[in-house]
Structures are given as C-alpha cells and as structure tokens.
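One structure is given here, and the rest of the page talks about it.
Because the structure is predicted, anything quoted here is derived from the model rather than measured. Note that these values count all heavy atoms, side chains included, but never hydrogens, waters or copies made by symmetry.
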Amino acid sequence: MTDERTGGDRLSKAEIAKDVVQTSVEIAATTVGRVASIVTGAVRDVASAVGDGATEAFELRDAARRATAELEPVREDERGA
C-alpha cells in the first residue's frame, strides 16, 4: 500500500500483525533453545559429577579392602606368637 502523504509504502494491519507474530515466534524459539541448552548442560554436568563421585567411592572401597587385607596377616601373626 502506498502512503499518498509521504509517497512511501505503508504496511497494512495484516502485514504488521504477521510481522509481530513472526518475530514473537522467533523470540520464543530462541529462548526455548537457550533454555534447552542450559538444561542439557546442567544435566550433563550433574551426571558427570555423580559419576566422578561414584568412581571416588569405588576407589575408596578398594583402598579400604587392600588396607584391610594387608592388616589380616599381621593379626594372625600376633595370635600365633
């Protein structure tokens, strides 16, 4: 549509509404994408932290078993003497 007062093109109400809807959808999609990325990263970090903690717990358990196994012969020697 041409504006006779300025000689330029004017947008119709329908075109303006379409642009508003389009921009709103783009903003929403970008926001959802950012939030999904944040959540994905957080889940990954939590899983990594839990896995690291479990690994340390297993290593501690194994170290305790080795230490206990090393003490057992000493206890048997003490009883026999």
Side-chain angles (χ1 to χ4, degrees):
M1 180 181 300
T2 302
D3 186 349
E4 295 173 6
R5 291 174 288 166
T6 62
D9 289 336
R10 287 186 50 202
L11 297 175
S12 70
K13 289 181 181 180
E15 288 173 308
I16 292 170
K18 187 266 316 170
D19 289 345
V20 168
V21 170
Q22 178 181 346
T23 302
S24 297
V25 170
E26 290 171 359
I27 290 169
T30 300
T31 301
V32 168
R34 287 179 181 167
V35 170
S37 178
I38 291 167
V39 170
T40 301
V43 169
R44 182 187 62 240
D45 292 347
V46 168
S48 178
V50 169
D52 291 347
T55 298
E56 289 181 21
F58 291 138
E59 290 173 356
L60 179 60
R61 182 189 64 190
D62 291 342
R65 285 182 182 167
R66 285 191 303 272
T68 301
E70 289 175 8
L71 288 177
E72 291 301 322
V74 172
R75 290 182 184 163
E76 290 177 9
D77 289 344
E78 290 173 353
R79 290 183 192 155

Distance (rounded to the nearest 0.5 Å) between K18 NZ and T23 OG1:
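Answer for the NZ-OG1 pair, K18 versus T23, is 8.0 Å.
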
In Å and rounded to the nearest 0.5 Å, what is the CG to OG1 distance from L60 to T55?
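If we round to the nearest 0.5 Å, L60:CG and T55:OG1 are 12.5 Å apart.
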
What are the two closest heavy atoms between R10 and E15, and how far apart are they?
O-OE1, 4.1 Å

Let me check something: do V43 and V35 share a hydrophobic cluster, defined by ILVMFWY side-chain heavy atoms less than 4.5 Å apart, either directly or through other members?
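Looking at the clustering, V35 is in the same group as V43.
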
CZ (R61) with more than 12 external heavy atoms under 6.0 Å:
yes

